[in-house]
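Working notes for the structure below.
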Protein chains: 2
Amino acid sequence: MNEALRVLREHLKRAGLKRTSQREAILRIFLELPDFLSVDEIARAVGARDRRIGMSTVYRSLKLFVEAGLAREHHFLTGRTTFEKSGGGGGRNYLICTRCHRVQPFEDPLIEAVRDKVCRGLSFTPDFNRLEVYGLCSRCRGPAAEED
Amino acid sequence: MNEALRVLREHLKRAGLKRTSQREAILRIFLELPDFLSVDEIARAVGARDRRIGMSTVYRSLKLFVEAGLAREHHFLTGRTTFEKSGGGGGRNYLICTRCHRVQPFEDPLIEAVRDKVCRGLSFTPDFNRLEVYGLCSRCRGPAAEED
DNA sequence: TTATTTGCAAAAGTTTTGCACTGTA
DNA sequence: TACAGTGCAAAACTTTTGCAAATAA
């Protein structure tokens, strides 16, 4: 059975909130979608399965998922809000292609090491972090990528 | 005389755009303001000096400054757009306090080294990068920071 | 039964755009 | 003179909120 669903129910119970069919339906759909979609795109996917679920419920649920640690909210380049499913803790790092806008996450423990060194020096207590690297992915930089 | 003004004029000439008093006034004011202000805050400061300069001109000018390399646009935590004066190239890194929302930039060459190593492994051509570290600044973490 | 949640529509906030007028090159 | 830039107001988006009805605990 679904681990994320369990996490959601657990979070709801702890926070004294209610388990509703909408919240669980939105979570199930969210988990099947690709990462880095906008609220609008997620809401459209939800609406395709159940047109009675409103936009505001999608907004409210996504915020809830972030609080429950099930999703991460991003504001890359454009300022457009997008969401990513999140498993375990810690920070994450992203390669963002400035041409095709594809996002590729990666992890590297060295970044946390550098972070900790800097934070110690500046008396800052880190919680989480993210490194965003903007540039061209191999596909867009390749010889066949002359067009815009 | 002002280096940034020179950069702006150079950029305008290169792009076949016109040098206007509004653009230069907005740049001058922008350079005197603190970093990480919203468009609205910047526009308010501009309006205080010359109430005939409209909001849309501020938006258009800030975009221009980013293109000219004179400003960086950010979308931290909130998704709210803020701007920072930018000197030289490369990436920049930020400690963002999740309590008081203060932003403290820092630089560390090790981050670029890690970035290059990862990019080589993933065939990604980096252009610029930014590391955002969220947590508590010394002031907010200190013993006298129990209130919210 | 009681408090939370939902869906809708309206409101609020942010950014962009159309257009007539102004100003630069 | 020609064309880019400006200011204003309207439009386009995105996100939040108020409220009556529905629903979980």
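Naming convention: chains lettered A, B, ... in sequence-line order (proteins, then strands); numbering from 1 in each chain.
- Residues passing the side-chain hydrogen bond (donor to acceptor under 3.5 Å, both in side chains) test with A/Thr125, sequence neighbours excluded: B/Arg141.
- Using modelled atom types and a 3.5 Å distance limit, the side chains of B/Glu41 and B/Ser38 yield a donor-acceptor pair.
- By the 4.0 Å N-to-carboxylate-O rule, A/Glu10 lies too far from A/Lys13 to be salt-bridged with it.
- Residue B/Leu64 contributes atom CG, which lies 8 Å from atom P of D/dG5 at whole-angstrom precision.
- Per the geometry, CG belonging to B/Leu62 stands 15 Å off P belonging to C/dT14, to the nearest Å.
- With rounding to whole Å, B/Glu73 atom CD is found 12 Å from C/dT14 atom C1'.
- Within the structure, a side-chain polar atom (N or O) of A/Lys63 is placed less than 4.0 Å from OP1 or OP2 of D/dT16.
- One donor-acceptor pair, N or O on each side, does fall under 3.5 Å between the base of C/dG7 and the side chain of A/Arg60.
- Residues B/Arg99 and B/Leu136 approach most closely at CB-CD2, 3.9 Å, considering heavy atoms.
- Each of A/His75 and B/Arg52 lies near DNA chain D, and the nucleotide nearest B/Arg52 is the one positioned closer to the 5' end.
- Taking atom CG of A/Asp50 as the reference point, atom C1' of C/dG7 lies 12 Å away to the nearest angstrom.
- Between the CD1 atom of A/Ile53 and the P atom of D/dT23 there is a distance of 13 Å, rounded to whole Å.
- Across all strands, A/Thr81 comes closer than 4.0 Å only to sugar-phosphate atoms, never to a base (heavy-atom distances).
- Nearest to the side-chain atoms of B/Arg80 among the listed nucleotides C/dT14, C/dT15, C/dG7 stands C/dT14.
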Worked check of side chain to side chain donor-acceptor pair (under 3.5 Å) between A/Gln22 and A/Asp50 = CA-CA 9 Å; A/Gln22 289 92 331; A/Asp50 183 347; over 6 Å; no

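- Aromatic ring pairs are classed by plane angle as parallel below 30°, tilted from 30° to 60° and perpendicular above 60°; the pair B/Phe36 and B/Phe76 is tilted.
- A/Ile42 has its CD1 atom 11 Å from the P atom of D/dT15, to the nearest Å.
- Interface residues of residues 13-26 of chain B facing DNA chain C, ordered by number: B/Lys18, B/Arg19; criterion, heavy-atom separation under 4.0 Å.
- Regarding B/Arg51, its CZ atom lies at a distance of 11 Å from the P atom of D/dC8, rounded to whole Å.
- Mapping A/Leu12 and B/Tyr59 onto DNA chain C via the closest heavy atom, the residue that lands nearer the 5' end is A/Leu12.
- The side chain to side chain contact (heavy atoms under 4.5 Å, CB included) with A/Arg92 is formed by just one residue from the set A/His74, A/Glu132, A/Arg130, A/Arg72; it is A/Arg72.
- One can place CD of B/Glu41 at 12 Å from P of C/dT15, the figure rounded to the nearest angstrom.
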